[in-house]
Peer 1: 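Have a look at this one before I ask anything.
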Amino acid sequence: MFKNEMLFSYIGAFSIPTVQKRLDKMDDNVVALLVSGCANLMSIGFMIDRKLYEAMENLSAEQISESMQELYHIANASIGNNHNHVPMYPNYPKQVIEADKTELILNAIVHYLSDGVLVPVYEKLGRPQLSTMNVKIITLGTNKEYHAIFERLMASSVILSDKNKKDLRQYLSEEDNVIIPDVIPVKETAALVWKVLFETENMKLLQEFICTPTDILRLINVVSGGDADLNTFYCSSMTRRQRRVILSLLDKMKNPAEEMFIHKSKWLKAGNIIHPAEKSMQNQYPNAYKAFDLLRNGKPIKGYNSKLEKAFADNNLNDVLDLLKKRAGFFARNLDRVLRLAIPMGKVNAVASAFHSVAKDVSPRVLIQLIQHLRNRNNIALRSFQSKKSAVPYVIGNNLDKIDDSIIELFMELCKKALVSIYTDRPYLGNVYIDPALEAITLPLSQRHASTSFKTLPIGSRMFIGHNANVIRFFLYWENAVDGDTEVRTDMDLSLVMYNDEFSKVCHVYYAKLSNEDYAVHSGDFVDAPIGVGATEFIDIDINKALSAGVRYAVMSVNAFTFHKFDQMETCYAGWMEREDIESGEVFEPSTVEQMFHLSGENKNYPVVIDLVDRSIIWLDSKRDFVHQFMRYNNIIADHEMSSIIRNEIFDRKYMSLYELLVLHATARGMLVSNKEDADVVYSLDEGITPYDQSVLAELI
């Protein structure tokens with residue numbers, strides 16, 4: 001099951017048992033099983049391609065039955081159709097639109113006073129069938145492709161999401177003969193791999209990958225149950241054999257004490273566990289013992305950071321540049337600070353020359369982050385800082401003095417030239433076609449706090465609404481939180497606020513106001529979702545009617561009214577469907593689900609933005625905790641600052657697009673062509689390599 005869950009989740013594929021090609025004619029029962037399995041998949045909006053179908057033809061009846069059941073289960077869960085979605089008003093949305101407002105209020109009061117036990121009872125009427133259906137294609141997956149998923153994750157320059165890490169950890173612990181890339185560029189990913197190697201005592205590979213004392217410190221932390229970021233440090237007891245592994249790694253390093261002083265308190269804590277002063281350890285690992293002895297008894301070593309800070313304090317630009325050229329990545333991360341020092345001195349060219357000399361040694365991800373910083377530096381009203389621990393950003397006003405646009409352009413161009421130089425060393429692509437629509441897709445620089453979703457896209461990307469869709473139906477499903485062994489009533493709310501072109505509020509729909517005319521309708525508010533039963537809320541937006549009312553932007557928001565955190569609930573997810581007709585089909589039609597994402601983390605609010613004019617949904621996946629930062633009450637109409645935050649983060653902030661990155665790659669290692677037919681490699685929204693092939697795209701950074 002794990003193998004196929006991974007193939008389906010990452011590349012939309014499914015593997016089956018390897019058997020010899022059938023030489024005889026298929027039995028009618030086998031044909032019937034295969035056809036009925038395909039029909040079941042079609043009923044929820046999925047179809048297997050010819051390659052997978054022809055491979056299944058070689059299976060036995062039992063194998064087909066088992067494979068189809070497994071595939072149906074995986075596909076069904078991916079769109080949230082593995083739960084029963086029953087709205088409070090079964091004939092929603094027409095029933096809510098036509099209901100007397102007094103009736104809606106009285107139903108809500110009874111429901112609230114009973115703590116969610118009592119709900120109104122209505123007869124469910126028949127509904128017209130769907131007139132159209134969106135079909136998602138599933139192809140045949142191979143064992144090689146399965147292993148390649150995890151090779152790409154390990155080799156990715158993108159910070160992995162919690163789901164990625166969980167998947168990789170399970171793969172490394174369960175699979176034999178895994179292939180580990182020569183380079184694992186992200187330290188968090190590397191530390192996860194190191195932990196597995198350490199637990200299996202694979203010293204040869206550990207020595208290849210662990211290069212610095214801080215690497216060893218990360219290893220100690222992850223082995224002890226901590227994270228690679230070292231914000232919180234743990235050091236649990238180790239066996240003598242494990243202590244020897246740690247000291248052996250440290251002993252082979254040249255002058256480790258200097259870097260160890262950066263994390264002195266953590267190393268002293270580690271020393272109390274690994275006992276480098278034991279006589280036998282001293283004799284076997286003298287270099288490691290000497291480093292610990294200097295740490296405990298020697299004078300503080302004046303390291304790189306202290307020298308750099310002194311150079312900045314003395315306004316000594318020459319020393320600053322000399323030091324930063326020794327650490328190219330550090331130079332890139334401190335470039336803004338260097339420019340603020342150099343500009344008043346009229347020495348921008350000196351900075352440009354120094355940066356140009358080392359820019360190729362900066363990691364592509366850091367160069368791209370620098371381009372985005374420079375592009376937005378003078379334009380955004382708010383600056384946000386994302387910590388490693390929390391999905392909730394810290395937001396402050398942008399109080400940086402502006403830098404002349406010509407200087408910004410100069411350093412952005414230096415970054416792009418460095419990227420082209422780096423990418424030139426990668427394998428040749430040949431003729432490359434890049435769909436201009438990829439301008440709407442941002443780069444996946446970090447997936448650290450990304451949600452587990454049906455279609456994974458980076459923050460700020462746009463998902464375009466289908467041409468036939470007249471209605472967007474948002475949905476939220478959850479089950480109560482658990483405190484210890486006790487189930488706790490949990491009230492989640494699906495809300496909607498709508499804005500005009502100027503981001504002035506037009507209307508809102510939430511638990512106390514279920515409809516606004518007939519272009520925004522709520523299905524009814526549940527305040528309890530018993531485990532195993534759950535609760536679902538829906539909101540419909542009639543696109544054309546909303547546009548006629550002056551609406552441009554609609555913000556769907558999930559709020560935890562009872563202030564529970566998403567990670568306190570085992571099951572909580574949201575998403576949206578595209579519908580041609582507001583009344584046709586069941587309220588929850590799996591074949592119309594365009595996106596489903598699991599809500600997780602310590603926050604209690606999650607917004608999604610739809611641009612009705614562009615007919616696009618902006619993928620925030622940011623889990624902004626507006627509740628704590630800006631809202632006095634935990635509902636949508638109390639949010640006085642959400643519009644300014646969203647406008648700043650999504651519409652004012654200019655992300656580097658996937659299209660831009662691909663053009664740099666084509667410049668460095670191929671030839672850009674205007675016709676798909678002439679291309680060796682195609683990048684587009686729905687052909688060739690798509691934005692949803694995240695593990696593939698991450699390799700491009």
Side-chain angles (χ1 to χ4, degrees), residues 155-159 181-191 209-215 218 228-230 253-256 258-259 262-263 302-312 316-343 347-375 377 403 407-426 443 445-446 656 660-661 664-665 667-669 698-701:
S156 172
S157 297
V158 176
I159 297 173
D182 293 335
V183 177
I184 305 177
V186 176
K187 291 298 184 184
E188 288 184 27
T189 309
F209 290 118
I210 291 184
C211 305
T212 70
T214 305
D215 289 345
R218 295 182 199 278
D229 55 27
L230 296 177
M253 295 177 182
K254 185 178 179 181
N255 300 323
E258 180 177 343
E259 185 170 329
I262 298 173
H263 300 287
K302 191 173 184 180
Y304 178 88
N305 289 337
S306 61
K307 293 176 184 177
L308 182 62
E309 289 303 318
K310 185 178 186 306
F312 271 114
N316 190 330
L317 182 62
N318 290 335
D319 283 357
V320 167
L321 294 178
D322 286 342
L323 285 165
L324 289 176
K325 282 194 293 184
K326 296 176 182 178
R327 298 189 181 182
F330 208 63
F331 196 161
R333 292 186 179 93
N334 283 271
L335 180 62
D336 199 295
R337 186 182 181 189
V338 178
L339 288 174
R340 296 197 301 272
L341 175 64
I343 289 172
K347 294 185 177 181
V348 171
N349 288 338
V351 178
S353 177
F355 182 68
H356 177 65
S357 69
V358 299
K360 188 182 177 182
D361 297 324
V362 180
S363 77
R365 182 163 62 92
V366 172
L367 287 170
I368 293 167
Q369 288 173 331
L370 181 55
I371 290 172
Q372 293 193 160
H373 166 74
L374 292 169
R375 180 175 290 173
R377 189 190 187 284
I403 291 177
I407 298 175
I408 296 289
E409 289 296 328
L410 169 63
F411 283 92
M412 286 176 59
E413 190 60 29
L414 289 175
C415 290
K416 290 179 182 178
K417 287 181 178 178
L419 286 170
V420 170
S421 180
I422 293 168
Y423 296 148
T424 301
D425 295 333
R426 299 191 184 182
L443 294 184
L445 294 180
S446 173
M656 189 172 181
E660 289 180 82
L661 180 69
L664 293 176
H665 273 278
T667 302
R669 47 198 285 243
E699 292 182 321
L700 295 171
I701 295 176

Peer 1: Just distance, no hydrogens or angles: give the donor-acceptor pairs under 3.5 Å from side chains in residues 323-342, sequence neighbours left out.
Peer 2:
residue : atom : partner : partner atom : Å
N334    : ND2  : F330    : O            : 2.9
D336    : OD1  : R340    : NH1          : 2.4
D336    : OD1  : R377    : NE           : 3.4
D336    : OD1  : R377    : NH2          : 3.2
D336    : OD2  : H373    : NE2          : 2.7
D336    : OD2  : R377    : NE           : 2.5
R337    : NH1  : E309    : OE2          : 3.1
R337    : NH2  : E309    : OE1          : 3.0

Peer 1: With rounding to the nearest 0.5 angstrom, report the CD1 to CG distance, I368 to L661.
Peer 2: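 Nearest 0.5 Å value for the CD1-CG distance: 5.0 Å.
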Peer 1: If you apply the rule side-chain contact (heavy atoms from CB on, under 4.5 Å), what do you find for I371 with L419, and how did you get there?
Peer 2: CA-CA 11 Å; I371 290 172; L419 286 170; 3.9 Å; yes
Peer 1: Which value, rounded to the nearest 0.5 Å, describes the distance between K254 atom NZ and T212 atom OG1?
Peer 2: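 The OG1 atom of T212 is 15.5 Å from NZ of K254, to the nearest 0.5 Å.
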Peer 1: What pairs of residues pass the salt bridge (Lys or Arg N to Asp or Glu O under 4.0 Å) test when at least one of them lies in residues 411-421, not counting sequence neighbours?
Peer 2: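 For residues 411-421, and leaving out neighbouring residues, there are no salt bridge (Lys or Arg N to Asp or Glu O under 4.0 Å) pairs at all.
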Peer 1: Using side chain to side chain contact (heavy atoms under 4.5 Å, CB included) as the criterion, list what pairs up with S363, not counting sequence neighbours.
Peer 2: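 For S363, the residues satisfying side chain to side chain contact (heavy atoms under 4.5 Å, CB included) (neighbours in sequence not counted) are R365, V366.
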Peer 1: What residues form a side chain to side chain donor-acceptor pair (under 3.5 Å) with D322, not counting sequence neighbours?
Peer 2: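 Per chain and number, D322 pairs via side chain to side chain donor-acceptor pair (under 3.5 Å) with no residue.
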Peer 1: Kindly indicate, with the supporting measurements, whether the criterion side-chain contact (heavy atoms from CB on, under 4.5 Å) is fulfilled by I210 and R218.
Peer 2: CA-CA 10 Å; I210 291 184; R218 295 182 199 278; over 6 Å; no
Peer 1: Are L664 and M656 close enough, and set up right, to give a side-chain contact (heavy atoms from CB on, under 4.5 Å), and what steps lead you there?
Peer 2: CA-CA 12 Å; L664 293 176; M656 189 172 181; 3.7 Å; yes
Peer 1: Does the distance from a Lys or Arg side-chain N to an Asp or Glu carboxylate O, for E660 and R375, drop under 4.0 Å?
Peer 2: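 A salt bridge links E660 with R375.
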Peer 1: Would you say Y423's side chain and L700's backbone share a donor-acceptor pair under 3.5 angstrom?
Peer 2: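 Between the backbone of L700 and the side chain of Y423 there is a qualifying donor-acceptor contact (under 3.5 Å).
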Peer 1: Using the test side chain to side chain contact (heavy atoms under 4.5 Å, CB included), find all partners of S353 that sit at least two apart in sequence or belong to another chain.
Peer 2: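 Result, side chain to side chain contact (heavy atoms under 4.5 Å, CB included) vs S353: none returned.
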Peer 1: Could you pull out all residues at least two apart from H665 that satisfy side chain to side chain donor-acceptor pair (under 3.5 Å)?
Peer 2: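 So H665 forms a side chain to side chain donor-acceptor pair (under 3.5 Å) with R669.
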